[in-house]
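Naming convention: chains lettered A, B, ... in sequence-line order (proteins, then strands); numbering from 1 in each chain.
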Amino acid sequence: MSADNEIIFQKKIDSGLKIEPKDWMPDKYRKHLIRQISQHAHSEIIGMQPEGNWITRAPSLRAKMVLIAKVQDEAGHGLYLYSATETLGITRNELIEQLQSGKAKYSSIFNYPTLTWADIGAIGWLVDGAAIVNQQSLRGTSFGPYSRAMVRICKEESFHQRQGYEIMSKMSNGTPEQHEMAQDALNRWWWPSLMMFGPHDADSSHTSNAMKWKIKRETNDDLRQLFIDRTVKQADLIGLEIPDPDLKWNPETKHYDFGKIDWEEFWEVVNGNGFCNKERINNHISSHEEGQWVREAALAYAEKTQNGVENE
Amino acid sequence: MSDKNMPTWEVFLQPKTGAPFQHAGNIHATDEEMALQNAREIYTRRQEGTCIWVVKTEDIVSSNPDDQESFFDPANDKLYRYPTFFKVSKKAKGL
Amino acid sequence: MTKELLYKYVLALGDDALIIGQRLSQWAYKGPFLEEDIALSNISLDMFGRANLFLEYAATLKGDGATADELAFKRNEREFCNHILCEQPNGNFADTMVRQFFLDAFNKLFLQKLIESKDEQLSAIAQKSIKETTYHLRHSSKWIIRLGDGTAESHAKVQSAINNLWMFTDELFESNKIDHEMVKQKIGVDCSLIKVEWDKIIDEVLSEATLSRPENSNMLSGGRAGIHTEHLGHLLSDMQYLQRAYPDAKW
Ligand SMILES: [Fe+2]
Ligand SMILES: [Fe+2]
């Protein structure tokens, strides 16, 4: 029976059909999805912190509104993705618990600190830029709710990268101090952004099943290359230099060659030893705990009044 | 003390007046008013709707994937339900 | 003369919106749950949008190439004339919601009157803002009811927030020389006239929330004259940091 199911399931995937929550699916597929989608959701949520760090200090009314709207969008993305994960039979509370206990991971990039306003530019341009490459590819993922969340998210993301690039461009062309901040931010965020695509395919333990099940549509290395090719010209255009002496156009492959990524740093940060790992999780825990009495009050009120409708 | 889950609600938006409502996603909320407000905050930030329905997820009755054949296949041989089934002279207008 | 007074009148309205917007924006990623986090950001965005409209108008009245950003980021504590209630710290969720509820109820009544202003700009801003505030009030008053009629803990927290913030509410209805002149010219709103309505809204919601209304003792005011609690200075030093640190930079 299960063998039959598995054949039908794979046939569906191979012919490009979406899998819906109530459809039969291999246990490993479900587990892989829960891990990947929730990790994605947690990244959106934790990703609010480094940018939220500058909301109160944004240097103009316009910049402030744009940044609030952007951070708010990320909350929305986290929410859409939690929803998609919940269709697989796990609750949001369980997901939050996994994040806070360290059982679930989130993108390591958000463990780097935002030191200057230019970092807000660099995050929008590079981090959202890298995320968009990944998310556009995931619109074609085989699990229906995940794919639909991605379609919605990609639509909303379109302004995120532009606002970041606009900040970088203004600063690069501003006063010498501003230019220096912009270049410094690019220097610090470039390599971590490349790491966002994950280890090289040869070293990635999850890639093969994910490709067979069409959860992932393109490999880490292909997506990383696509991002680099796009970004090099953008940096050039605003007078910033990518901090990689080995970066060179390769006319044969029609791609940029680039230098070695420091995977040791990557694994250090993944394993909890980045600048902000502890702080990010502690912040999340304390807001969540501080909110508990509010959630309890709302539940108690709903129970008393049957969904808030006064029964008079 | 472990957290009780706030119930989920399914959100349907009417993109413009007169158009059919479409499923947008879901939200968590404890009461009806909160469900409506949360749906508004999360799914209409870019003017995606002119009217919102929310309904508790647990109140939705859904057919199962197992029902698919018995529910929907019987309709596949009833081509007479479509206008193209009928051959009518091109000269007959307004049909 | 009128232009100078009008400038100060509009500036004060801009400061009210700016300071409460800044306070609400401090909730980003700290909300009690995800949906409410997004809701608080939405209110904050509405308030910054409104601040921008008022301050842009104030800047044109001021002339000399003044801009809204200059008014927001280059004035000192004593030059800010927002109501003291707006600058009060976020505290816990009940503190924030009570502050918001008091302000939303006031703003709704105030904007309804401001729509009738002889000044077209003010009337236009009021017409746009009243829609936002109608929603804000619906949001905050429902939370007051949920918290008041929720658990014993939430009831105690929201009641204590009401008691603590009550002394800043009288200021909303005061009139200074500028207000009197603006009312006389049918530009401004006579706030003493909306107090009765405000009391009614507050009483209705508090009673549904099983909460009680404190005595009117020990009321504080001074915001319109640039007298504030110490909280404002810290809010400004945070908000104005970049503009102050790099005065020649454009952002
Ligand atoms: Fe996002
Ligand atoms: Fe984004």
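Contact annotation for A/Thr56: both backbone and side-chain heavy atoms come within less than 4.5 Å of a heavy atom of chain C. Contact annotation for A/Ala302: neither backbone nor side-chain heavy atoms come within less than 4.5 Å of a heavy atom of chain C. Looking at C/Asp37, the atoms closer than 4.5 Å to chain A (heavy atoms on both sides) all sit in the side chain, from C-beta outward. Both the backbone and the side chain of A/Ala75 come within less than 4.5 Å of a heavy atom in chain C. Both the backbone and the side chain of C/Lys30 come within less than 4.5 Å of a heavy atom of chain A. Heavy atoms closer than 4.5 Å to chain A are found in the side chain of C/Phe73, but not in its backbone. For C/Leu18, the part sitting under 4.5 Å from any heavy atom of chain A is the side chain, from C-beta outward, and nothing else. Residue contact with chain A, scored on non-hydrogen atoms closer than 4.5 Å, involves the side chain of C/Tyr246 exclusively. Interface residue A/Glu177: only side-chain heavy atoms are found under 4.5 Å from chain C. Both the backbone and the side chain of C/Ser25 come within contact range of chain A, with heavy atoms under 4.5 Å apart. For chain C, the nearby part of A/Arg295 is the side chain; its heavy atoms alone come within less than 4.5 Å. Heavy atoms of C/Tyr241 lying under 4.5 Å from chain A belong exclusively to its side chain. With a 4.5 angstrom heavy-atom cutoff, C/Ala94 touches chain A via backbone and side-chain atoms both. Heavy atoms closer than 4.5 Å to chain C are found in both the backbone and the side chain of A/Met65. Using a 4.5 Å cut-off between heavy atoms, A/Gln49 touches chain C through backbone and side chain atoms alike. No part of A/Ile96 comes within reach of chain C, as not one of its non-hydrogen atoms sits under 4.5 angstrom from that chain.
Remark: A/Arg188 fails to qualify as a cation-pi partner of A/Tyr112 under the 6.0 Å distance and 45° angle criteria applied to the six-membered ring. Judged by the 6.0 Å distance and 45° axis criteria, A/Lys170 is not positioned over the aromatic ring of C/Trp251.
Most heavy-atom pairs under 4.5 Å with chain C: of the set A/Lys64, A/Met48, A/Glu290, this distinction falls to A/Lys64. Between chain C and the options A/Leu79, A/Ile55, A/Thr175, heavy-atom pairs under 4.5 Å are most frequent for A/Leu79. If you tally non-hydrogen atom pairs under 4.5 Å between each of C/Thr151, C/Leu55, C/Leu40 and chain A, the highest count goes to C/Thr151. Among A/Arg92, A/Glu166, A/His288, the residue with the largest count of heavy-atom pairs under 4.5 Å with chain C is A/Arg92.
Rounding to the nearest 0.5 Å places CG of C/Asp199 at 11.5 Å from CD of C/Glu204. Distance check: A/Glu156 CD to A/Gln72 CD gives 9.5 Å after rounding to the nearest 0.5 Å. Separating the CG atom in C/Leu24 from the CD1 atom in C/Ile43 is a distance of 6.0 Å, to the nearest 0.5 Å.
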Exercise for review: In sequence, state the C-alpha distance, the side-chain angles, and the governing distance for C/Thr229 and C/Glu87, and then conclude on side-chain hydrogen bond (donor to acceptor under 3.5 Å, both in side chains).
Suggested key: CA-CA 8 Å; C/Thr229 52; C/Glu87 77 208 31; 2.6 Å; yes
Practice item. Show your working on side chain to side chain contact (heavy atoms under 4.5 Å, CB included) between C/Trp143 and C/Glu36 and close with a plain yes or no. Key: CA-CA 11 Å; C/Trp143 267 115; C/Glu36 188 55 30; 3.1 Å; yes
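Using a cut-off of 4.0 Å between Lys/Arg side-chain N and Asp/Glu carboxylate O, C/Lys74 and C/Asp69 are scored as not salt-bridged. A salt bridge is absent between C/Lys62 and C/Glu70; no separation between the charged side-chain nitrogens and carboxylate oxygens falls under 4.0 Å.
Checking A/Thr91, A/Leu33, A/Ile37 one by one against A/Thr85, the side chain to side chain contact (heavy atoms under 4.5 Å, CB included) holds for a single residue, A/Ile37. No option in A/Val71, A/Asp119, A/Val127 other than A/Val71 meets the side chain to side chain contact (heavy atoms under 4.5 Å, CB included) test with A/Glu51.
Taking the six-membered ring for Trp and the full ring otherwise, the centers of A/His284 and A/His42 sit at least 6.0 Å from each other.
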